[in-house]
Amino acid sequence: MGDFLFLELKKQVESILNDAVVSLGYEIDSLYVEASQHSDVASNIAFRLASKYRQNPKDIAEKIGNTAVIGNNSYIGKMEVTGPYLNFWAKRNYLDDTVLKIRKEKEDFASNFSSGDIILEHTSANPNGPLHVGHIRNSVIGDTLSRVLKHAGYNVRTQYYVNDIGRQIAIVSWGLKNFGFDESKKSDHAIADLYIRSNQELEKDTFKVQDIDRLMQMVENGDDDTIKIFDESVRYSLEGTKQTLKTLNVSHDEFVYESEFIRNGSVSKIIDELKSTGHTEIDNGALVVDLSDYGFEKQLVIQRSDGTSLYTTRDLSYHEQKSAESDRVIDILGADHKLVSSQLKATMNLLGKKEPEVVIFEFVSLPEGSMSTRKGKFITADDVFDKVKSQAYKEVDKRRPDMPADFKKEISDQVGMGAVRYDIVSVSPEKSTVFDWKKALDFEKQGGPYVQYSHARACNILKKAKTFWNPENSVNPSVLVEDDEVALIKKMAKFDQVIDRSAKELKPHTVATYARELADDFNQFYRYVPVNSAEDDEVRYARLALVDCARIMLANTLYILGISAPESM
RNA sequence: GGGCGUGUGGCCUAGUCAGGACAUGGCGACAGCCUCCUAAGCUGUAAACCAAGGGUUCAAAUCCCUUCACGCCCGCCA
């Protein structure tokens, strides 16, 4: 029947509609088949044909309804014409196949339908301090997206681009030389202290700014001692960042260092390539690229008048490398990169290279304004995680007072981080948000913990059935006829569409919405349909199989969201 | 000044790109439910005509125009 369920059903409806439309002599570009609240799938194609052919949409819908032929060997059970709408319902075998398929394929259900190599860059925060609540929006979006794309079948490599050569690292290194390193603190926090303190010093005494310029020149000229201290600064900062990301359940396959591109000659290579396009010129001693063909009024500076390279230039080299090593390049970037990323895309295009697909997310600000590492105005991710986890501990303690402390600790860590990740990923990236402690610590209903709880409930039912039911036993899914059972099965069947769309549109938040809906349907079922106490054996076993399917799907959805799925909580 | 993004019940939010059948869900409020599988659950009530105004269309939260508000950005920082 194909690899899909909902998508297969949709395809079949499109197919019979297309046959009907063609045989009636109409021409149309799309069949407008979508999921509907009135049926399983519906089409409003009659409206489109009505305006095109100047006929009554109801008549057209009627004609199509009379012409369309539903094959026996399909998922479509019923077609109904409701005024101008064409409604379709799935047949029983659609539900049965869904249950059987999930039981058979488990976490591989609706996966591996795409292929190709993707390099996905995310987080890439400057190594001059700890990650703050804005950075982790990048991490969560990037990590979730990489999980979605992997499930879809892509070979995804995630990269963190380390800016180890910029001005702010020079400032940190200057501070490290002058003030020393505070061993008592988490390394990235100690680096932030140095960065903030150094900035204050530099503001007071502009003479010292020359020190920074000198450090930058020395590092670009390959001075060993300077490189060493830069590396040390970066290593300290990154060490802390990696810990933070680990707590968030985020990991990168590779860390790519910006300085590499200067030292291995790629930067000078790309400058030559740009020159040979004929679109560069010298402006006040600096080398600039003319992007007016791409609608940019201002020229892009790629080399300073003192001959040193800029971030932009090194980023071009980095993208040249990514472009060569993969089929698709995806960047997750904050809203402040909108302009530079479109300039980068234009320049890549000018060079005749693959452009990155850029996912932009809007800013996270504080109630008192935007964050700034330099001014020390930020809330660190570590701080949020700690507070959320201890709040979660209180919640667990309240509900499961008799459980041992290590259970409470483990569950509260999972629930706390689940709440954080869900909270971040569930809002679409293009919305700017304001961080609010009260909201962060309030485990609002129907967030991460809600989905986790639904999963734990499913596990609990199965645990209770262990003595008399084996998940490997074959069952007859056709006895699952209650409304709540059918609704749950249909929701699970739609997983293929969710992954497909999320991967195509690079929108991770749709998976969060789906997770919530799936949990809704499961809880509904849980409330109204008895499983272990069902009177009939065949029914009980089929329901256990359904619970097992729900367990698999909830766990899988949580996995894609990077949230752990506790069996008990 | 210009560019990009956002504006949905008291608060947060889905839906907007591919216009259609009663605008999604939560928080908060109010009223209930321990129903045998964990009440981090479930049920019900009140509450938005989708920033404002115009336009296109048989049909607009969704497309176009204008205005307002907020956020981000605008060449030798990263």
Side-chain angles (χ1 to χ4, degrees), chain A residues 29-30 32 34 36-38 42 44 46-48 50-51 56-57 82-85 87 126 128 163 165-169 258 283-289 295-306 308-315 334-340 342-343 360-363 365 370 392 395-396 398-400 415 419 423 426-434 436 439 442-454 456-465 505 509-510 512-513 516-517 519-520 523-524 526-534 543-544 547 568-569:
Chain A
D29 54 332
S30 163
Y32 300 94
E34 279 303 329
S36 162
Q37 357 176 3
H38 306 276
N44 58 43
F47 281 115
R48 318 294 164 154
S51 62
N56 186 322
T82 314
Y85 299 96
N87 283 308
N126 287 333
N128 59 345
N163 179 349
I165 203 171
R167 191 171 192 86
Q168 72 287 101
I169 302 309
E258 194 178 342
D283 182 28
N284 282 325
L287 184 67
V288 298
V289 184
F296 295 99
E297 283 180 31
K298 296 179 178 174
Q299 295 164 317
L300 184 68
V301 180
I302 53 166
Q303 193 171 36
R304 292 194 189 94
S305 36
D306 68 1
T308 57
S309 63
L310 287 96
Y311 172 84
T312 314
T313 328
R314 294 166 230 140
D315 208 21
D336 52 340
H337 284 73
K338 271 185 235 179
L339 180 61
V340 285
S342 54
Q343 288 170 330
I360 297 283
F361 67 94
E362 292 289 327
F363 264 50
S365 57
S370 53
E395 300 283 336
V396 177
K398 200 162 68 193
R399 287 165 235 267
R400 308 295 293 274
V415 166
D423 201 46
S426 60
V427 178
S428 47
E430 64 266 21
K431 285 217 180 195
S432 48
T433 59
V434 177
D436 177 2
K439 252 195 75 196
D442 171 30
F443 293 104
E444 67 177 277
K445 307 284 159 68
Q446 307 217 339
Y450 171 77
V451 183
Q452 290 174 311
Y453 181 66
S454 311
R457 279 183 142 184
C459 290
N460 198 242
I461 292 177
L462 295 167
K463 196 174 136 198
K464 297 227 150 132
E505 300 170 13
H509 77 280
T510 53
T513 306
R516 197 210 71 225
E517 289 174 358
D520 279 344
N523 283 319
Q524 205 76 225
Y526 183 96
R527 161 66 180 82
Y528 291 105
V529 184
V531 178
N532 284 326
S533 56
R543 285 180 184 167
L544 279 163
V547 171
S568 170
M569 62 185 269

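Residue numbers begin at 1 in each chain, while the letters A, B, ... track the order of the sequences.
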Quiz item: Looking only at atom types and distance, does a side-chain atom of T313(A) sit under 3.5 Å from a main-chain N or O of I302(A), one as donor and one as acceptor?
Solution: yes
Quiz item: Between E362(A) and A392(A), which is nearer to the 5' end of RNA chain B once each is assigned its nearest nucleotide?
Solution: E362(A)
Quiz prompt | Between C1' of G71(B) and NE2 of H337(A), the distance in whole Å | solution = 17 Å
Self-check item: Whole-Å P distance, U45(B) and G54(B)
Solution: 34 Å
Practice problem: May I ask you to say what V531(A) touches in the nucleic acid, namely base, sugar-phosphate or nothing, with a heavy-atom cut-off under 4.0 Å? | Solution: base
Quiz item: Reckon R167(A) touches a base, only the sugar-phosphate, or nothing at all at heavy-atom distances under 4.0 Å?
Solution: sugar-phosphate
Quiz prompt | Protein proximity profile, nucleotides 17-22 of chain B - base contact B, sugar-phosphate-only contact S, no contact -, cut-off 4.0 Å on heavy atoms | solution = BBSBBB
Quiz item: At under 4.0 Å between heavy atoms, what does V396(A) touch on the DNA or RNA strands: base, sugar-phosphate, or nothing?
Solution: base
Practice problem: Report which part of the nucleic acid A335(A) touches: base, sugar-phosphate, or nothing (heavy-atom distance under 4.0 Å, all strands). | Solution: sugar-phosphate
Practice problem: To the nearest Å, give me how far apart CG (D336(A)) and P (C77(B)) are. | Solution: 17 Å
Quiz item: Across all strands shown, which nucleotide pairs with C30(B) by Watson-Crick or G-U wobble geometry, both distances under 3.5 Å?
Solution: G44(B)
Quiz item: If only side-chain N and O atoms of R516(A) are considered, is one of them under 4.0 Å from the OP1 or OP2 phosphate oxygen of G25(B)?
Solution: no
Quiz item: Does any nucleotide pair with A61(B) by Watson-Crick or G-U wobble geometry, both distances under 3.5 Å, and what is it?
Solution: none
Quiz item: Below 6.0 angstrom between ring centroids: does that apply to F443(A) and Y450(A)?
Solution: no
Quiz item: Who is the Watson-Crick or G-U wobble partner of C37(B), with both distances under 3.5 Å?
Solution: none
Self-check item: Distance (rounded to the nearest 0.5 Å) between S533(A) OG and K464(A) NZ
Solution: 11.0 Å
Quiz item: Between CG of D315(A) and OG1 of T312(A), what distance do you get to the nearest 0.5 Å?
Solution: 7.0 Å
Quiz item: Do you know the tightest heavy-atom contact between F47(A) and P57(A)?
Solution: CD2-CB, 4.2 Å
Quiz item: Expressed as a whole number of Å, how far does the P atom of C72(B) sit from that of C30(B)?
Solution: 37 Å
Quiz prompt | Between U67(B) and G20(B) - P atom distance, rounded Å | solution = 28 Å
Self-check item: Residue pair E362(A) / E430(A): nearest heavy atoms and the distance that separates them
Solution: CG-O, 3.1 Å
Exercise. Would you indicate what A465(A) reaches in the nucleic acid, counting non-hydrogen atoms under 4.0 angstrom: base, sugar-phosphate, or nothing?
Key: nothing
Quiz item: Between CG of D423(A) and NZ of K439(A), what distance do you get to the nearest 0.5 Å?
Solution: 5.0 Å
List, with names and distances, any nitrogen or oxygen atoms from the protein found under 3.5 Å away from nitrogen or oxygen atoms belonging to nucleotides 10-14 of chain B.
unit_1 : atom_1 : unit_2  : atom_2 : d
A14(B) : OP1    : S428(A) : N      : 3.0
A14(B) : OP1    : S428(A) : OG     : 2.5
A14(B) : OP2    : K431(A) : NZ     : 2.9

Exercise. Check whether any side-chain N or O of Y311(A) sits under 4.0 Å from OP1 or OP2 of C76(B), and answer yes or no.
Key: no
Quiz prompt | Syn or anti conformation of G75(B), syn meaning chi within 90° of 0 | solution = syn
Quiz item: Base, sugar-phosphate alone, or nothing: which one does L300(A) contact when heavy atoms must sit under 4.0 Å apart?
Solution: nothing
Quiz item: Between U24(B), C72(B), A40(B), which nucleotide has the shortest distance from any of its atoms to the side chain of M569(A)?
Solution: A40(B)
N/O contacts under 3.5 Å, protein versus nucleotides 43-46 of chain B?
unit_1 : atom_1 : unit_2  : atom_2 : d
U43(B) : OP1    : Q524(A) : OE1    : 2.7
U43(B) : OP1    : Q524(A) : NE2    : 3.3

Exercise. Indicate for each nucleotide in nucleotides 28-33 of chain B, in 5' to 3' sequence, whether protein heavy atoms under 4.0 Å reach the base (B), only the sugar-phosphate (S), or nothing (-).
Key: ------
Self-check item: Separation of G25(B) P from Q446(A) CD (nearest whole Å)
Solution: 9 Å
Self-check item: Non-neighbouring partners of T308(A) that pass side chain to side chain donor-acceptor pair (under 3.5 Å), sequence neighbours left out
Solution: R304(A), D306(A)
Quiz prompt | Whole-Å distance separating the CZ atom of F296(A) from the C1' atom of C73(B) | solution = 12 Å
Practice problem: Pick base, sugar-phosphate or nothing for K338(A), based on heavy-atom distances below 4.0 Å to the nucleic acid. | Solution: base
Quiz item: Given C37(B), C77(B), C74(B), which nucleotide is nearest the side-chain atoms of L339(A)?
Solution: C74(B)
Quiz item: N523(A) CG to C34(B) P: how many Å, rounded?
Solution: 18 Å
Quiz item: For the side chain of Y450(A), counting heavy atoms from C-beta on, which of G25(B), G41(B), C72(B) is nearest?
Solution: G41(B)
Quiz item: When you compare A23(B) with A59(B), how far apart are their C1' atoms, in angstrom units rounded to a whole number?
Solution: 16 Å
Exercise. Find the distance R457(A):CZ to C42(B):P and express it as a whole number of Å.
Key: 7 Å
Quiz prompt | For atom CD of E430(A) and atom P of C73(B), their distance in whole Å | solution = 18 Å
Quiz prompt | Nearest-nucleotide comparison on RNA chain B, the residue closer to the 5′ end among A519(A) and R400(A) | solution = R400(A)
Quiz item: Between P429(A) and I360(A), what is the shortest heavy-atom contact and its length?
Solution: CB-O, 3.7 Å
Quiz item: With a 4.0 Å cut-off on heavy atoms, is D315(A) in touch with a base, just the backbone sugar-phosphate, or nothing at all?
Solution: nothing
Quiz prompt | Donor on one side chain, acceptor on other, N523(A) and Y453(A), under 3.5 Å | solution = no
Quiz item: Looking for any heavy atom pair under 4.0 Å, which part of the strands does V529(A) touch: base, sugar-phosphate only, or nothing?
Solution: base
Self-check item: Residue matched to G5(B) through Watson-Crick or wobble contacts both under 3.5 angstrom
Solution: C70(B)
Quiz item: Nearest heavy-atom pair of S428(A) and H509(A): which atoms, and what distance?
Solution: CB-CE1, 3.5 Å
Self-check item: Non-hydrogen atoms of S305(A) and N284(A) that approach each other most closely
Solution: CB-O, 3.8 Å
Exercise. Could you give the distance separating C76(B) and U16(B) at their C1' atoms, to the nearest angstrom?
Key: 41 Å
Quiz prompt | Between A60(B) and G75(B) - C1' atom distance, rounded Å | solution = 42 Å
Quiz item: With a 4.0 Å cut-off on heavy atoms, is Q299(A) in touch with a base, just the backbone sugar-phosphate, or nothing at all?
Solution: base
Practice problem: Taking atom P in both A48(B) and A39(B), compute the distance separating them and give it to the nearest angstrom. | Solution: 34 Å
Self-check item: Interatomic distance at C1', A69(B) relative to A31(B), whole Å
Solution: 38 Å
Quiz item: With both distances kept under 3.5 Å, what pairs with C49(B), Watson-Crick or G-U wobble?
Solution: none
Quiz item: Looking at residues at least two apart in the chain, or sitting in another chain, which of them share a salt bridge (charged side-chain N to carboxylate O under 4.0 Å, His left out) with R399(A)?
Solution: E395(A)
Quiz item: Between A40(B) and Y526(A), is there an OP1 or OP2 to side-chain N/O distance shorter than 4.0 Å?
Solution: no
Self-check item: Complement of A14(B), any strand, by Watson-Crick or G-U distances under 3.5 angstrom
Solution: none
Exercise. Could you tell me whether D306(A) contacts a base, only the sugar-phosphate backbone, or nothing, with contacts defined as non-hydrogen atoms closer than 4.0 Å?
Key: nothing
Exercise. Would you mind reading off the distance between K298(A) atom NZ and C73(B) atom P, rounded to a whole angstrom?
Key: 14 Å
